[in-house]
Amino acid sequence: MAKSKQKNDVSTINREVVLAEAFQKRVACYTINNVNPEDFQYLSISDMIFTKANLTGCNFSFCKLENVIFQQCNLGRAVFNFAELVNVRFIECELNNLYCNYTVFLDAKFTDCELDCSAFDFSRGKISFENCQMERNIFVMTRLDIIFKNCNCERLELSDCPSLKLNAENTCFASAAMNGNQNMSGVIKNSNGSYIELKNSDCTKLRFVNSSFPDIDATKTVGYRNSKSDIEEDVEKIINSI
């Protein structure tokens with residue numbers, strides 16, 4: 001019986017190593033904690049696990065990453081512009097000031113990560129965040145299916161997205177702005193925010209369930225109605241029927 005293909009764990013490789021298999025077009029020699037920021041551009045990286053690696057400022061632009069796990073890595077200021085991420089997992093990583101512009105996400109998941117002040121402009125695909133700290137993140141002109149679960153998304157900006165599916169649960173959107181989105185769908189559940197903007201957006205297919213947003217600016221917004229619990233809606237229907 002053929003042995004199953006196993007991922008290469010970068011943490012177990014000698015600190016100065018040639019990763020010829022990972023870098024198919026270039027033989028790259030580097031020290032795992034002092035990576036040349038240009039080492040990863042245009043490469044195809046697959047079936048690898050990066051554990052506790054310092055990849056600060058690394059450039060993954062135009063890369064294809066498939067079946068890759070980043071665990072407890074420092075990826076602050078990393079760049080994934082024009083990259084394609086297929087079944088990629090970020091677990092307990094520091095990703096502040098991350099750049100994912102024009103990125104294609106084919107099932108990417110961030111779990112227990114910190115990624116404040118990050119940008120996901122003009123990206124598309126499916127992406128999920130769970131137990132993440134992510135203040136001041138920007139999503140402009142994206143075509144994404146986004147999942148937020150147990151996240152802090154204060155001062156989030158979701159702007160001018162032609163097609164956006166948003167599912168959020170137990171997430172804070174304080175001072176968030178979701179403006180100019182042509183077609184928003186999905187559910188915001190058990191979430192809250194002291195102030196939120198929904199200007200110039202089509203929220204006809206966006207549902208709010210057990211969520212509290214006491215101060216909402218819904219100027220020129222289509223289909224939005226203030227969030228109420230199922231019980232409150234039932235009471236309102238009874239009152240209106242009297």
Side-chain angles (χ1 to χ4, degrees), residues 40-41 55-66 68-70 73-169 171-186 188 191 193 196-201 206:
F40 297 97
Q41 290 190 84
L55 301 170
T56 304
C58 282
N59 195 341
F60 293 88
S61 294
F62 300 97
C63 280
K64 180 176 182 180
L65 292 85
E66 186 170 7
V68 175
I69 297 174
F70 296 93
C73 295
N74 189 337
L75 284 151
R77 302 191 310 279
V79 181
F80 288 84
N81 296 341
F82 298 95
E84 180 178 340
L85 279 64
V86 182
N87 191 30
V88 176
R89 299 291 180 263
F90 298 87
I91 303 170
E92 296 181 358
C93 292
E94 194 273 287
L95 300 124
N96 292 328
N97 299 290
L98 180 72
Y99 294 93
C100 291
N101 300 319
Y102 298 93
T103 306
V104 178
F105 295 99
L106 300 177
D107 190 13
K109 186 173 183 178
F110 297 77
T111 305
D112 298 315
C113 292
E114 180 179 332
L115 53 160
D116 292 337
C117 304
S118 297
F120 297 83
D121 299 347
F122 302 96
S123 295
R124 58 189 174 90
K126 182 177 181 180
I127 187 170
S128 65
F129 304 90
E130 185 171 353
N131 302 324
C132 290
Q133 165 65 29
M134 44 192 313
E135 291 189 27
R136 296 181 181 272
N137 280 348
I138 300 175
F139 296 77
V140 176
M141 293 292 290
T142 65
R143 295 177 180 270
L144 285 170
D145 180 344
I146 307 175
I147 297 174
F148 295 118
K149 187 174 182 180
N150 303 322
C151 293
N152 179 13
C153 294
E154 293 188 34
R155 288 166 282 189
L156 172 76
E157 180 181 343
L158 287 164
S159 299
D160 302 308
C161 301
S163 180
L164 174 67
K165 184 175 181 181
L166 176 62
N167 287 279
E169 185 173 357
T171 292
C172 176
F173 290 103
S175 299
M178 304 181 190
N179 299 328
N181 301 307
Q182 297 175 22
N183 186 10
M184 296 181 70
S185 64
I188 295 180
S191 299
I196 188 171
E197 290 185 1
L198 288 169
K199 294 180 180 178
N200 302 309
S201 298
L206 182 65

(message) Looking at every non-hydrogen atom in both residues, tell me the closest pair between C161 and N181 and how far apart they are.
(response) N-OD1, 3.0 Å
(message) Measuring from atom CE of M134 to atom CG of N152, what distance do you get when rounded to the nearest 0.5 angstrom?
(response) 9.5 Å
(request) Test F82 against every option in F60, F62, Y99 by the ring pair (Phe, Tyr, Trp, His ring centres under 6.0 Å) rule and name the one that passes. (result) F62
(message) With side-chain hydrogen bond (donor to acceptor under 3.5 Å, both in side chains) as the test, pick out the partner of N179 among E197, E157, K199.
(response) E197
(request) Could you grab the distance from atom CD1 of I188 to atom CG of L206, nearest 0.5 Å is fine? (result) 4.5 Å
(message) Show the nearest heavy-atom pair for residues S128 and K109, with the distance to one decimal.
(response) OG-CG, 3.2 Å
(request) State, to 0.1 Å, how close N97 and S118 come at their nearest heavy-atom pair, and which atoms those are. (result) N-OG, 3.6 Å
(request) Could you check if a side-chain atom of F120 sits within less than 4.5 angstrom of a side-chain atom of L115, using non-hydrogen atoms only? (result) yes
(message) Tell me the closest heavy-atom pair linking T103 and N81, and the distance in Å.
(response) OG1-CA, 4.0 Å
(request) State, without any angle test, whether T56 and N74 hold a side-chain donor-acceptor pair at a distance under 3.5 Å. (result) yes
(message) So, taking the atom named SG in C153 and the one named CD in E135, what distance separates them when rounded to the nearest 0.5 Å?
(response) 9.5 Å
(message) Taking CZ in R136 as the centre, count heavy atoms belonging to other residues, nucleotides or ligands within less than 6.0 Å. Is the count above 12?
(response) no
(message) Using every non-hydrogen atom in the two residues, find where L144 and R124 come nearest and quote the distance to one decimal.
(response) CD2-C, 3.3 Å
(request) Kindly compute the distance separating OG (S175) from CG (L156), expressed to the nearest 0.5 Å. (result) 11.0 Å
(request) Please tell me if the side chains of F148 and S191 come closer than 4.5 Å, counting only heavy atoms from C-beta onward. (result) no
(request) Check whether any side-chain heavy atom of C172 lies under 4.5 Å from a side-chain heavy atom of E154, and answer yes or no. (result) yes
(message) Run F139 and L166 through side-chain contact (heavy atoms from CB on, under 4.5 Å) and show every step you take.
(response) CA-CA 12 Å; F139 296 77; L166 176 62; over 6 Å; no
(message) Counting C-beta onward and ignoring hydrogens, is there a side-chain heavy-atom pair between R89 and N87 closer than 4.5 Å?
(response) yes
(request) Quick one: pull up CG in N59 and CZ in R77 and give me the separation to the nearest 0.5 Å. (result) 12.5 Å
(request) State the CG-CD distance between D112 and E130, to the nearest 0.5 angstrom. (result) 7.5 Å
(request) Please tell me if the side chains of F110 and I127 come closer than 4.5 Å, counting only heavy atoms from C-beta onward. (result) yes
(request) For N96 and E94, test the side chains for any donor-to-acceptor distance below 3.5 angstrom and give the result as yes or no. (result) yes
(message) Looking at G180, is its backbone amide N or carbonyl O close enough to the side chain of S201 to form a donor-acceptor pair, meaning the two atoms are under 3.5 Å apart?
(response) yes
(request) Check whether any side-chain heavy atom of L95 sits under 4.5 Å from a side-chain heavy atom of F70, and report yes or no. (result) no
(request) Kindly indicate whether the side chain of N167, heavy atoms from C-beta on, has any atom under 4.5 Å from the side chain of D145. (result) yes
(message) On a heavy-atom basis, which atom in N150 and which in T171 lie closest, and how many Å separate them?
(response) N-OG1, 3.6 Å
(message) If you count every heavy atom of other residues, nucleotides or ligands that lies below 6.0 Å from R155 atom CZ, does the total exceed 12?
(response) yes
(message) Checking I196 now: which residues fulfil side chain to side chain contact (heavy atoms under 4.5 Å, CB included) with it, not counting sequence neighbours?
(response) F173, A176, M178, F213, I216
